Amino acid sequence: MQPETGLRHLPTTPVARPEAIVSGDTWRITVLTDALVRIEHAPDGRFEDRASAFALHRDLPVPDLTVDDTGTHVEITTARLRLTYDKGPLTTSGLSVEALGGHTAYQSVWRPDQPRWDRDGNSAGLVRLPGTARTLDTADGAVDLDDGVVSHTGVIALDDSTTLLFTDDGWVAPRPEGARDLYVFAHGHDYRGAVRDLFRVSGPTPLLPRFALGSWWSRYYPYTADGYRELMERFAAEGIPFSVSVIDMDWHVVDVPARFGSGWTGYTWNRDLFPDPAAFVAWLHEHGLRVTLNVHPADGVRAFEDAYPAMAAALGRSTDDEAPIQFDVTDRAFLEAYLDVLHRGLERDGVDFWWLDWQSGPHSRVAGIDPLWMLNHVHFLDNADRREGRERRPLTFSRHAGPGSHRYPVGFSGDSAITWASLDFQPYFTASASNIGYGWWSHDIGGHMHGVKDDELATRWVQLGVLSPIMRLHSGNNPFTHKEPWAFGPQAQRVQTAFLRLRHRLVPYLHTMNHRAAQGAPLVEPMYWEYPEAPEAYRVPNQFRFGTSLLVAPVTQPADGRLGRGAVRTWLPDDTWVDVLTGMVYDGGREIVLWRDLTSIPVLARPGAIVPLDGAHVPVNGTEAPSELEVLVVAGADGAFDLLEDDGSVPGPGGPTDVPTLVTPLRWSQSSGTFTVEPVATRGDAAAARASAPGSRTWTVLLPAVDLGWGGTASAT
């Protein structure tokens, strides 16, 4: 167990193996995988072997490669790329990287600083496949997205020339100026392979705590402790489960003396609203909820804060003049006190993790050190539990801070506008983020601000949220932006309630996908990941794969006024497709407009798909492994699914798979019409793994769109 004080470090292996390196006086090329190369150019001949904010691991197995040095040029070839370089400054004429296999030389060649001619599409039919953005704050619809590590052309570069570096003791330092440091991904249309290589170099997406996969309740509103408890009791009475309580900024004192500035930053409980904070948080825990508090740290620590004297003492400062303690992520002593004084005391009140609401730009006192990145980094590592001799799985909640941010889930996408344009952009935004490995976005479901009250819009947004990485209802401090289902009309209330229950029923499936995500495959994938050579896959930007079994086409436009139904243009790949929510069956191999009334959106699965669900049709708060499971099986082909459950501990040195895990194989035989729950297996500590699930279970099998005469269900213990 680490001590209470001090900043935690990430494990890094930044020095590449000598046999992977080809170099000259001012240049160095490192072959990291057979489709990924690092290219450095340093006029002073000093190359960088420290880990960066993006690149933690360069000590990777060396692929087969050949090097042909003609004196004026060097050519490096692997099974998947060819690099040609004139040994000079990195120019369009002097350096090229070509992806081999499946592409013409014209389409698959990358050169530094060349115009991104595929950015908006072109006559060759190529389209840009972006990554994500820092935030959706103030956005009403689409925003510009940064690059990912996949490209329709087959080759793309990630520029790591200016990101911060880690020092040997785990602290950070700015980059020396003048050098270039590029990572060129030459994976062709192997988009999944590109993201796996991203994780090899940058580190994996961590396993989330299981509780993060349920629904989160969030509203910017000055709740009282009694009012909040009454709200949670109302949700329970309505059969609407949650797993996370997000307490926005009014938990702390916001009305401060004018001489201290604004009340956005605060670390002192508002005891007019929460007279006994520890008892309030304990009540939420007792009712199956984890708790996160919102913090806006930009204004530092001022003299009205309860923690001001202790913070000043930790930093050796006087309190006589009430001078503010400025926020400074570049000051190691400040950051240590920031965590150990400001946050540790609130964690003793029971706070589980922090919502870092940093909106103050990417700049600090040291060039290249982004306060948002630093906050994400230190808070995530610090969130592992140091109490009771045991660590818990860490979590933080913050905006995206550039490549490598996938290591610090969960993402907060910012304050979205309550409009159809906002809703329509979010499926594309979420799926595209997987192109930079960022798989756990949490959006303001229902929108945060502006707009109008609209039952249809709110309901369609809830439906998308339930089938998103993180489901978090949210709204601003406005009497017209409630997100409680009973704030809407009767039909909208019924549909929203049903979908919120579905979210918690999906947790067994989602937690298995959580394990898969930690091994390199995000929960939400663009359609072109699975079908890279199909032009139709690029024409449905809002359609996405949701784990291994489901395909989702959310309705993001208002209903046709005459039909009372919303439409979504959908591409169905070759196969038969069953809508698991309606039982409708469709032939694939075509583009089709699907129409749905307010009760549903298209959630499709092919034959052989298996989706394990919590058997409780009205789940309660929390996300514990259920004793009753309902398994959705799409008949028509053999199917297999391994249900994964774990003890919630932090993975060991072996990575995401190094955690006590219970593996329950679920199998469907089409020829015999038999569903089998095979004997469970364990990974790691068998006793800990078995303790992660009930000792016995009841199983129910559902076969949508199949009339077996006995209702399509069977039960077994």
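Predicted, not measured: the structure shown is a model, and the values here were computed from it.
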Nearest non-hydrogen partners of Arg393 and Ser649, listed with the distance | NH2-O, 2.7 Å

Distance, nearest 0.5 Å, that separates [atom1] of [X] from [atom2] of [Y]:
X	Y	atom1	atom2	result
Thr135	Trp358	OG1	CH2	14.0 Å
Thr430	Tyr438	OG1	OH	11.0 Å
Leu293	Asp349	CG	CG	9.0 Å
His450	Asn478	NE2	CG	10.5 Å
Arg302	Glu305	CZ	CD	6.5 Å
Arg690	Leu662	CZ	CG	6.5 Å

Would you say the side chain of [Y] lies within less than 4.5 Å of the side chain of [X], judging by non-hydrogen atoms?
X	Y	result
Val677	Leu666	yes
Thr292	Leu395	no
Tyr267	Pro297	yes
Tyr428	Thr556	no
His252	Thr268	no
Tyr228	Leu284	yes

Could you label the plane-to-plane angle of the [X] and [Y] rings as parallel, tilted or perpendicular, counting under 30° as parallel and over 60° as perpendicular?
X	Y	result
His400	Trp441	tilted
Tyr509	Phe546	tilted
Trp264	His296	perpendicular
His474	His448	parallel

Below 6.0 angstrom between ring centroids: does that apply to Tyr338 and His343?
->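 Yes, they do, as the ring centres are separated by less than 6.0 Å.
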
Would you please indicate yes or no on a ring centroid separation below 6.0 angstrom for Phe397 and Trp216?
-> yes

Could you tell me whether the side chains of [X] and [Y] share a donor-acceptor contact shorter than 3.5 Å?
X	Y	answer
Thr396	Asn383	no
Thr205	His406	no
Asp226	Thr224	no
Arg460	Gln463	yes
Arg503	Ser215	no

Okay, side chain of [X], backbone of [Y]: is any donor-acceptor separation there less than 3.5 Å?
X	Y	answer
Arg290	Asp352	no
Glu456	Ala559	yes
Asn376	Tyr408	no
Ser218	Arg472	no
Thr661	Val659	yes
Arg505	Asp614	yes

Working for side chain to side chain contact (heavy atoms under 4.5 Å, CB included), residues Tyr220 and Met449 | CA-CA 10 Å; Tyr220 175 28; Met449 58 189 180; over 6 Å; no

Check Leu644, Asp646, Leu506 against His511 for a side-chain contact (heavy atoms from CB on, under 4.5 Å) and give me the one that passes.
-> Asp646

Please lay out, stage by stage, how Arg344 and Asp382 fare under the test salt bridge (Lys or Arg N to Asp or Glu O under 4.0 Å).
-> CA-CA 10 Å; Arg344 203 71 68 236; Asp382 187 71; 2.9 Å; yes

Take His443 and Ser416 through the side-chain hydrogen bond (donor to acceptor under 3.5 Å, both in side chains) test and state the conclusion after the steps.
-> CA-CA 8 Å; His443 303 306; Ser416 57; over 6 Å; no

Run the numbers on Glu233 and His287 for side-chain hydrogen bond (donor to acceptor under 3.5 Å, both in side chains), then give the verdict.
-> CA-CA 9 Å; Glu233 289 169 343; His287 288 77; 5.5 Å; no

Counting only heavy atoms not in Glu628, do more than 12 fall under 6.0 Å of its CD?
->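 Buried by this count: over 12 neighbours within 6.0 Å.
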
Should we count CZ of Phe260 as having more than 12 external heavy atoms under 6.0 Å?
->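 Enclosed: over 12 neighbouring heavy atoms sit under 6.0 Å from CZ of Phe260.
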
